[in-house]
Amino acid sequence: MAAALLLAGCGQGAGGGGWGWYVVSPFTPAGRSNLGFLIGGVWDTILLSVTAMAISILAGLIVALPAIGKNKWGRRANMVYVEVFRAIPILVLILWVYYGLPVVAGIAINVFWAGVFALALSDSAFEAEIFRSGIQSVPKGQTEAAQALGLTWTQTMRQVILPQALRHILPPLANQFAYMLKMSALVSVIGMQELTRRANELVVTEYRPLEIYTVLVLEYLVLILAVSQSVRWLERRMARSDR
């Protein structure tokens with residue numbers, strides 16, 4: 001796709017009309033500068049996604065534990081948390097965290113941590129469901145055997161249940177990371193200098209949205225395909241170890 005688009009605009013200059021790939025051409029100083037500016041957002045996108053994902057995994061596990069307990073209030077609290085944060089659009093949550101949290105809680109927060117906090121809150125609801133289903137997939141006999149050996153609930157979860165549940169949880173978690181990479185583009189609305197924000201800024205100066213956004217599509221495509229291939233490798237590795 002990239003080769004076809006580039007060939008379609010081959011030879012088009014700044015005043016030639018039609019395609020204007022000169023703005024992102026690696027063969028001109030201006031094009032290389034623009035490409036460097038666009039690619040420079042990859043690190044911010046990855047850092048934002050990884051940080052938010054790490055926090056959401058921890059929060060999701062904490063939220064999931066009451067759902068598998070016997071306390072009905074814990075199960076209800078889990079249900080409320082999951083339903084509320086799954087229902088709120090991520091863009092709305094990002095805007096509320098960035099503009100509303102400083103007013104409500106008096107907390108000064110920059111664009112990076114506002115994006116991390118909003119993405120982690122939203123994703124933690126999905127992570128909680130992944131952990132809950134993964135833990136419940138472990139046969140109850142494992143818990144009963146651990147209790148018969150005198151293990152406490154914490155020891156049972158840490159040493160018996162979670163290691164087995166992890167085999168079912170890892171592929172969905174990896175898919176959630178791909179989802180997180182895509183949703184990180186929404187943080188551009190509050191000024192985070194990630195891939196989408198840089199593309200928007202370059203469009204304003206170069207007036208070539210098609211070419212610049214095509215590069216943006218390719219950047220996300222490479223990132224998501226890399227994650228997807230890693231997920232498939234992980235699934236094959238786990239399938240072989242189960243035999």
Side-chain angles (χ1 to χ4, degrees), residues 1-53 56 88-100 109-120 122-123 174-232:
M1 182 181 70
L5 290 171
L6 289 171
L7 286 174
C10 185
Q12 298 280 348
W19 297 93
W21 292 106
Y22 61 89
V23 298
V24 289
S25 171
F27 306 110
T28 64
R32 286 194 296 271
S33 176
N34 290 337
L35 277 177
F37 179 74
L38 289 171
I39 296 173
V42 171
W43 167 247
D44 291 323
T45 294
I46 294 175
L47 180 61
L48 177 70
S49 302
V50 169
T51 307
M53 188 72 181
S56 70
I88 301 174
I90 296 182
L91 179 58
V92 174
L93 192 57
I94 291 171
L95 293 171
W96 189 90
V97 168
Y98 184 64
Y99 293 107
I109 188 168
N110 59 29
V111 292
F112 175 80
W113 286 110
V116 166
F117 188 50
L119 290 173
S122 179
D123 192 62
N175 286 325
Q176 279 299 115
F177 181 62
Y179 174 78
M180 182 74 77
L181 279 171
K182 291 186 287 186
M183 291 301 102
S184 67
L186 297 175
V187 186
S188 64
V189 300
I190 59 174
M192 176 69 187
Q193 281 282 332
E194 41 71 66
L195 288 172
T196 305
R197 179 73 180 193
R198 287 174 178 249
N200 290 336
E201 292 179 358
L202 196 58
V203 166
V204 172
T205 59
E206 296 289 351
Y207 304 105
R208 282 292 180 179
L210 175 60
E211 294 81 359
I212 293 169
Y213 286 136
T214 298
V215 174
L216 179 64
V217 167
L218 294 176
E219 288 177 313
Y220 277 111
L221 185 62
V222 169
L223 286 174
I224 301 304
L225 286 178
V227 173
S228 299
Q229 289 302 314
S230 300
V231 172
R232 291 191 177 92

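For reference, positions follow the sequence shown, starting with 1.
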J.: Provide the closest heavy-atom pair for V187 versus G115 in the form atom of the first, atom of the second, distance.
T.: CG1-CA, 3.9 Å
J.: Of the options T214, L38, T196, T45, which is the one that meets E219 in a side chain to side chain contact (heavy atoms under 4.5 Å, CB included)?
T.: L38
J.: Ignoring hydrogens and angles, tell me if any N or O in the side chain of T51 forms a donor-acceptor pair with the backbone of L47 under 3.5 Å.
T.: yes
J.: Heavy atoms only: give me the nearest S188-N200 pair and the separation to one decimal.
T.: OG-ND2, 4.4 Å
J.: Sequence neighbours excluded and cut-off under 3.5 Å, please list the side-chain donor-acceptor pairs for residues 222-230, or say none.
T.:
from	atom 1	to	atom 2	distance (Å)
S228	OG	I224	O	2.9
S230	OG	A226	O	2.9

J.: Apply side chain to side chain contact (heavy atoms under 4.5 Å, CB included) to the pair Y207 and V23, showing each step before the final yes or no.
T.: CA-CA 9 Å; Y207 304 105; V23 298; over 6 Å; no
J.: Answer yes or no: is there a donor N or O on one side and an acceptor on the other, between the side chain of S56 and the main chain of A52, under 3.5 Å?
T.: yes
J.: Mind listing the closest non-hydrogen atom pair of F37 and R198 along with its distance?
T.: O-NH1, 2.9 Å
J.: Which atoms form the tightest heavy-atom contact between L216 and A199, and what is the distance?
T.: CD2-CB, 3.9 Å
J.: Restricting to side-chain contact (heavy atoms from CB on, under 4.5 Å), what partner residues turn up for L35, sequence neighbours left out?
T.: V24, P26, V215
J.: Which atom pair, heavy atoms only, marks the closest approach of Y22 to R208?
T.: OH-NE, 3.5 Å
J.: Rounded to the nearest 0.5 Å, how far does CD of Q193 lie from CG of L48?
T.: 12.5 Å
J.: To the nearest 0.5 Å, tell me how far L91 CG sits from I190 CD1.
T.: 10.0 Å
J.: Considering residues at least two apart in sequence or located in another chain, which fulfil the side-chain contact (heavy atoms from CB on, under 4.5 Å) criterion with F117?
T.: V97, L101, L121
J.: Closer than 3.5 angstrom, by distance alone: can the side chain of S184 be matched with the main-chain N or O of L181 as a donor-acceptor pair?
T.: yes
J.: So which atom in E194 and which in Y220 form the shortest heavy-atom distance, rounded to 0.1 Å?
T.: OE1-OH, 3.3 Å
J.: Distance from L119 atom CG to S49 atom OG, nearest 0.5 Å?
T.: 7.0 Å
J.: Would you say the side chain of Y98 lies within less than 4.5 Å of the side chain of V111, judging by non-hydrogen atoms?
T.: yes
J.: To the closest 0.5 Å, what do you measure between OG (S122) and CG (L93)?
T.: 6.0 Å
J.: Sub-3.5 Å donor-acceptor pair from the side chain of T205 to the main-chain atoms of L202, do we have one?
T.: yes
